[in-house]
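Here's the structure we're looking at; comments come further down.
Lettering of chains follows the sequences in order, A, B, ..., and the numbering in each one begins at 1.
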Amino acid sequence: MIQSLRGMNDILADDYERFEYFLTTASTIAKRYGFHYIETPLLEETALFKRSVGESSDIVGKEMYQFTDKGENDVCLRPEGTAGVVRAFVQHKLDKKGGIHRFYYHGPMFRYERPQKGRLREFHQFGVESFGVASVYEDALMIMMIADILKALGIGYRLKLNSLGDQHCMPAYREKLVSFIESCGDAICGDCVRRKSTNPIRVLDCKNETCQSLYVNAPKLIDNLCGECQNDFDTLKQILDNHAIAYEIDTNLVRGLDYYSKTAFEFVSDNIGSQSAIAGGGRYDRLIEFLDGKPTPAVGFALGIERLMELIVMPEAQREGYYLGTLDPEAIQSVLLAAEKVRRSTKGVVEYEPRSLKAHLKGADRVNARYCAVIGENELTQNSIWVKDLVEKTESLIPLSDFFA
RNA sequence: GUGGGUGUAGCUCAGUCGGUUAGAGCAUCAGAUUGUGGUUCUGAGGGUCGUGGGUUCGAGACCCAUCACCCACCCCA
């Protein structure tokens with residue numbers, strides 16, 4: 001038997017209902033905030049991710065589905081969504097056009113990781129990117145939008161917030177941090193030694209306990225922000241307070257993608273295992289120029305759909321449409337014609353095999369139909385169809401000429 | 001990439017110390033005096049015990065390999 005590849009799942013009927021419910025809910029909210037759908041390719045040039053996500057990140061360093069195509073191009077399946085949207089933004093010269101451009105997207109992402117709960121090799125993200133707004137109000141908008149989406153889906157969360165600083169304060173902080181790390185000597189773990197040279201900020205969220213105990217006294221990003229970053233961060237907190245959105249400052253919150261600066265945030269759930277981040281994002285004002293565009297301020301977030309799936313509280317399923325069947329093999333043609341009429345306005349499911357009335361009623365329950373419509377010997381002679389409303393428990397005999405006429 | 005766990009019916013799982021024809025519940029289908037559901041009762045169908053080797057008179061069970069899934073590390077949505 002041929003099986004799907006490791007970490008790559010089919011989404012079948014029941015699950016897809018949730019999946020679709022999520023998409024319509026999230027899309028509706030994104031549109032309400034003034035965002036437009038954008039679809040970008042699953043396959044992109046590898047260089048795009050190397051330059052945006054960053055070669056020091058694990059995503060690019062060891063998790064990409066990368067290969068050479070038949071035209072000798074170095075390509076890979078997208079491991080995340082932002083890079084492709086920024087590429088499209090620059091390629092279509094929207095950076096030169098100026099103004100504000102707001103996009104949302106959803107689709108599969110690919111990372112070659114060891115699968116576990118909440119972590120797949122092919123997984124789905126819903127994301128939003130905003131270009132052209134430097135104001136921290138847009139950062140707040142992102143967070144409010146996620147809060148709206150999660151609320152609509154009945155999902156509880158914790159919001160973690162941090163500021164990563166910008167090109168004015170980050171480099172100085174980085175130096176400070178590196179010298180602090182060096183002062184720890186060789187007490188730190190091997191990973192941190194590596195991080196010190198590749199991306200020192202990441203030592204902050206090292207899971208190693210001895211490292212963490214040493215880093216308690218590490219200089220904090222948040223104490224080293226320049227005036228502008230400090231101002232923005234204070235404003236952001238103020239806005240969230242005004243909107244009654246609870247947050248916790250996490251000075252160790254470091255996003256795993258290199259392009260972030262200033263605002264960084266992460267929504268986590270305590271009910272889905274160790275892969276607890278359900279949404280994450282932040283500001284990435286420098287990324288557009290890294291990808292050869294005109295410097296443009298930008299913010300965005302992405303939401304992991306699979307991680308939300310089991311948390312979504314679905315509205316109760318309503319009985320809908322018709323189940324149609326026959327008691328008499330002679331009647332199937334009439335049933336099919338009736339079904340065709342039904343489908344002009346609602347759902348119509350047909351059982352082809354003649355069965356007992358009891359079996360048909362059970363069948364109607366199974367497909368969650370509102371009505372059970374049956375043609376048997378009696379109906380056939382009267383040229384009519386028997387219809388039972390399964391909720392009101394009323395039944396009637398309707399002439400076929402009047403049925404959905 | 002590292003560590004641990006689990007693979008038996010469509011699903012959830014029993015299966016004793018290695019011993020005859022591999023079980024249950026749910027689900028499916030059919031019946032319970034003749035055309036009334038989301039109750040009950042009865043019955044039926046459904047299995048290469050993940051796969052491949054090995055040990056043994058005998059393997060679902062023990063050993064090795066392999067694949068998949070699960071959990072954690074790591075990483076991140």
Side-chain angles (χ1 to χ4, degrees), chain A residues 1-9 12 14 22 53 56-63 79-82 106-128 146 157 189-192 194-195 199 202 205-209 253-257 260 265-269 272-282 300-309 311 319 323 325-328 331 353-372 374-380 386-391 393-395 397:
Chain A
M1 181 178 56
I2 296 177
Q3 294 186 317
S4 66
L5 291 171
R6 184 162 207 204
M8 301 205 176
N9 292 163
L12 272 59
D14 288 355
F22 166 80
V53 178
S56 74
S57 72
D58 278 14
I59 294 177
V60 170
K62 44 192 185 192
E63 296 174 1
E80 60 101 48
T82 302
H106 51 79
M109 307 296 161
F110 302 85
R111 293 181 198 173
Y112 195 89
E113 297 182 90
R114 182 97 170 248
Q116 77 182 72
K117 188 177 175 68
R119 188 168 76 185
L120 295 165
R121 287 183 174 180
E122 180 184 22
F123 62 103
H124 296 78
Q125 285 189 337
F126 177 95
V128 152
I146 300 173
Y157 60 83
C189 72
D191 283 334
C192 282
R194 182 177 48 82
R195 288 179 184 123
N199 195 344
R202 285 223 193 104
D205 67 346
C206 179
K207 299 289 185 341
N208 187 300
E209 278 182 33
L253 174 63
V254 177
R255 313 259 54 243
L257 295 80
Y260 286 111
F265 54 85
E266 202 167 278
F267 284 71
V268 297
S269 166
I272 51 171
S274 74
Q275 303 299 307
S276 59
I278 51 180
F301 73 78
L303 234 139
I305 302 180
E306 280 85 355
R307 289 188 186 172
L308 295 178
M309 287 285 267
L311 298 172
R319 283 182 176 270
Y323 166 100
T326 152
L327 302 172
D328 182 337
E353 297 304 316
R355 295 234 174 111
S356 67
L357 185 58
K358 185 178 184 154
H360 282 312
L361 286 161
K362 281 189 177 178
D365 283 329
R366 192 169 33 240
V367 299
N368 213 26
R370 171 78 193 257
Y371 301 96
C372 180
V374 165
I375 300 181
E377 210 177 337
N378 301 346
E379 289 76 18
L380 209 51
W386 176 88
V387 177
K388 177 161 186 175
D389 182 329
L390 296 168
V391 176
K393 302 184 196 298
T394 54
E395 51 192 273
L397 199 62

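Considering only side-chain N and O atoms, Arg114(A) lies nowhere under 4.0 angstrom from the phosphate OP1 or OP2 of C73(B). Distances shorter than 4.0 Å separate some side-chain N or O of Arg366(A) from OP1 or OP2 on C29(B).
Among the nucleotides G3(B), C29(B), G37(B), the one closest to any side-chain atom of Lys362(A) is G37(B). When each of G35(B), C76(B), G37(B) is scored by its nearest atom to the side-chain atoms of Ile59(A), the top-ranked nucleotide is C76(B). For Gln3(A), taking side-chain heavy atoms from C-beta onward, the closest of the listed nucleotides A68(B), C70(B), C76(B) is A68(B). Among C74(B), C76(B), U36(B), the nucleotide with an atom closest to any side-chain atom of Gln116(A) is C74(B). Counting only heavy atoms from C-beta on, Ser274(A) has its side chain closest to A72(B) among G37(B), C67(B), A72(B). Picking from G37(B), C70(B), C75(B) the nucleotide with the shortest atom distance to the side chain of Leu390(A) gives G37(B).
For the atom pair CD1 of Ile375(A) and NE2 of His360(A), the computed distance is 10.5 Å after rounding to the nearest 0.5 Å. Taking CZ from Arg114(A) and CZ from Arg121(A), the interatomic distance works out to 9.0 Å, rounded to the nearest 0.5 Å.
To the nearest angstrom, P of C70(B) lies 14 Å from CD of Glu113(A). The CZ-C1' distance, from Arg119(A) to C73(B), rounds to 9 Å in whole Å. Atom NZ of Lys117(A) and atom P of A68(B) are 21 Å apart (whole Å). What separates CG of Asn9(A) from P of C69(B) is a distance of 8 Å, to the nearest Å. To the nearest angstrom, C1' of G35(B) lies 14 Å from CG of Leu380(A). At whole-Å resolution of the value, NE2 in His124(A) and C1' in A77(B) are 13 Å apart. In this structure, CD of Glu266(A) is placed 11 Å from C1' of C75(B), rounded to the nearest angstrom. When the C1' atom of U36(B) is taken as reference, atom CD of Glu379(A) falls 12 Å away, rounded to whole Å.
Using N1 to N3 plus N6-O4 or O6-N4 for Watson-Crick, or N1-O2 and O6-N3 for G-U wobble, each under 3.5 Å, G25(B) pairs with C11(B). Nucleotide U33(B) forms no Watson-Crick or G-U wobble pair with any nucleotide shown, as no partner meets the under 3.5 Å limit on both distances. Pairing partner, A68(B): U6(B), with both Watson-Crick or wobble hydrogen-bond distances short of 3.5 Å. Remark: G19(B) base-pairs with C57(B). Criterion, Watson-Crick or G-U wobble with two distances under 3.5 Å. Using the Watson-Crick or G-U wobble rule with both distances under 3.5 Å, G1(B) pairs with C73(B). For G47(B), there is no paired nucleotide, since no Watson-Crick or G-U wobble pair has both relevant distances below 3.5 Å.
In this structure a side-chain-to-backbone donor-acceptor pair under 3.5 Å is present from Glu306(A) to His124(A). At least one donor-acceptor pair closer than 3.5 Å links the side chain of Arg307(A) to the backbone N or O of Gly118(A).
In the displayed structure, Glu395(A) atom CD is contacted under 6.0 Å by more than 12 heavy atoms of other residues, nucleotides or ligands.
Spacing of P atoms, G52(B) relative to A14(B), comes out at 24 Å, to the nearest Å. A gap of 16 Å separates the C1' atoms of C69(B) and U12(B), to the nearest Å. Using atom P as the reference point in both C62(B) and A68(B), the two lie 23 Å apart (nearest Å). Taking atom C1' on both nucleotides, U36(B) is separated from A24(B) by 32 Å, rounded to a whole Å. G23(B) and C49(B) are spaced 14 Å apart, taking the P atom of each and rounding to whole Å. Comparing G46(B) with A30(B), their C1' atoms are spaced 15 Å from each other, to the whole Å. Rounded to the nearest Å, the gap between the C1' atom of C63(B) and that of G47(B) is 25 Å. Comparing G60(B) with U48(B), their P atoms are spaced 14 Å from each other, to the whole Å.
Within the nucleic acid shown, Ile278(A) comes within 4.0 Å of sugar-phosphate atoms alone, with no base atom in reach, counting heavy atoms only. No contact: Glu306(A) has no heavy atom under 4.0 Å from any strand. As judged by a 4.0 angstrom heavy-atom cut-off over every strand, Arg319(A) is placed among the base-contacting residues. In this structure, Lys388(A) reaches the bases: a heavy-atom distance under 4.0 Å links it to at least one base atom across the strands shown. Contact annotation for Ala364(A): no contact, since no heavy-atom pair falls under 4.0 Å across all strands. In this structure, Gly7(A) reaches the sugar-phosphate backbone alone: every heavy-atom distance under 4.0 Å involves primed, P, OP1 or OP2 atoms, never a base. Here Gly281(A) lies out of heavy-atom contact (under 4.0 Å) with every strand.
The shortest non-hydrogen separation linking Leu303(A) to Ala279(A) is CG-CB, 3.9 Å.
Under the 30°/60° scheme for interplanar angles, the aromatic rings of Phe126(A) and Phe22(A) are found to stand perpendicular.
Among the candidates Arg111(A), Met109(A), Glu113(A), Glu80(A), the single residue satisfying the side chain to side chain contact (heavy atoms under 4.5 Å, CB included) test with Ile59(A) is Arg111(A).
For Arg307(A) against C76(B), a side-chain-to-base donor-acceptor contact under 3.5 Å is present.
Nucleotides of RNA chain B nearest to Gly304(A) and Arg355(A) differ in position, and the one nearer the 5' end is that of Arg355(A). For Arg6(A) and Ile305(A), each mapped to the nucleotide of RNA chain B holding its nearest heavy atom, the one lying further toward the 5' end belongs to Arg6(A).
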